[in-house]
Amino acid sequence: MANTLHDLDPDTIKTLQDLTRVLHDSQNALTDAGAQVSDPQAAQLFYDLGTKRAKMEHELRQFIETNQDEAPSGGTMMGNLQTMWMELRTSLSGGDATVVLNEMERLEDFIVAEYKRLLPKVAGSPLTSLLNSQFAEVKEGHDRVRDLRDLKREQSS
């Protein structure tokens, strides 16, 4: 494995490209949810997390491009399908915060799982610190979505 940020090995670059796509998907889903949900507290949470995911994606894109490789310009097919499903559920519920928060928590589970899957592939890389920091931020975002979902469930009971 390469030992500088400007000479990352191909496997590390591939992992960064995969994470970039997942972050792109997450940012799009969060932004869309923020625009569709009727609850201002949930909308603000989604916009805040979407902004953080866009920043994280940008950080990874910079490392990919610094290594003379091409950063992905979009997300994944699965991410597009998940976003469409979430938009349908949101539309059918009339923007009900509990429904949207349920869907977003499920999507947050996915991004947490992706980080868990991909982090071991870059262990020992010069990017380990950055990726662990991003993972902690992703987990914190997941927990905020979950906690707000639980609060809204309690309020509607």
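Just so it is clear, the model here is predicted, and its values are computed rather than measured.
- A donor-acceptor contact shorter than 3.5 Å is absent between the side chain of S26 and the backbone of V22.
- Atom-to-atom distance recorded for L130:CG and L16:CG is 8.5 Å, nearest 0.5 angstrom.
- In this structure, Q134 CD and I111 CD1 are separated by 9.0 Å, a value rounded to the nearest 0.5 Å.
- The closest side-chain heavy-atom distance from L49 to M104 is not below 4.5 Å.
- Taking all atoms of both residues into account, the shortest heavy-atom contact from V37 to A97 is CG2-CA, 3.7 Å.
- Remark: side-chain polar atoms of T31 are paired, donor with acceptor, to backbone N or O of Q27 under 3.5 angstrom.
- Residue L107 is not grouped with residue Y47 when hydrophobic side chains (ILVMFWY) are merged at heavy-atom distances under 4.5 angstrom, including chains of intermediate members.
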**Request:** In sequence, state the C-alpha distance, the side-chain angles, and the governing distance for R146 and D143, and then conclude on salt bridge (charged side-chain N to carboxylate O under 4.0 Å, His left out).
**Result:** CA-CA 5 Å; R146 182 202 59 219; D143 293 349; 3.2 Å; yes
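- For the atom pair CG (L45) and CG (L30), the distance works out to 8.0 Å, reported to the nearest 0.5 Å.
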**Message:** Between H58 and K55, is the side chain to side chain contact (heavy atoms under 4.5 Å, CB included) condition met? List the steps.
**Reply:** CA-CA 5 Å; H58 178 73; K55 177 184 166 280; 5.6 Å; no
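- Summarising the geometry of T128 relative to V122, their closest heavy-atom pair is OG1-O, 3.1 Å, with the distance given to 0.1 Å.
- Residues passing the salt bridge (Lys or Arg N to Asp or Glu O under 4.0 Å) test with D18, sequence neighbours excluded: K14, R21.
- Rounding to the nearest 0.5 angstrom, the gap separating the CG atom in N28 from the CG atom in L23 is 11.0 Å.
- A 4.5 Å side-chain heavy-atom check between D11 and K121 finds every atom pair outside the cut-off.
- Contact check on E57 versus R53 returns no salt bridge, with no Lys/Arg side-chain nitrogen under 4.0 Å from an Asp/Glu carboxylate oxygen.
- Counting only heavy atoms from C-beta outward, the side chains of R144 and D48 approach each other to under 4.5 Å.
- Contact check for R149 versus E108: no side-chain heavy atoms found under the 4.5 Å cut-off.
- In this structure, L131 CG and L19 CG are separated by 6.5 Å, a value rounded to the nearest 0.5 Å.
- For the residue pair G34 and A43, the shortest heavy atom distance occurs at O-CB, 3.4 Å.
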**Prompt:** Between T12 and T15, is a side chain to side chain contact (heavy atoms under 4.5 Å, CB included) present by the stated rule, with each step listed?
**Reply:** CA-CA 5 Å; T12 301; T15 299; 5.6 Å; no
**Asked** side chain to side chain contact (heavy atoms under 4.5 Å, CB included) between K116 and V112: does it pass, once the steps are laid out?
**Response** CA-CA 6 Å; K116 285 181 179 178; V112 166; 3.9 Å; yes
**Request:** Evaluate the side chain to side chain contact (heavy atoms under 4.5 Å, CB included) criterion for residues V100 and Q36: first the C-alpha distance (whole Å), next the side-chain angles of each, then the deciding distance (0.1 Å), finally the verdict.
**Result:** CA-CA 9 Å; V100 177; Q36 294 177 20; 5.9 Å; no
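- With rounding to the nearest 0.5 Å, the separation of CG in L127 from CG in N132 is 10.5 Å.
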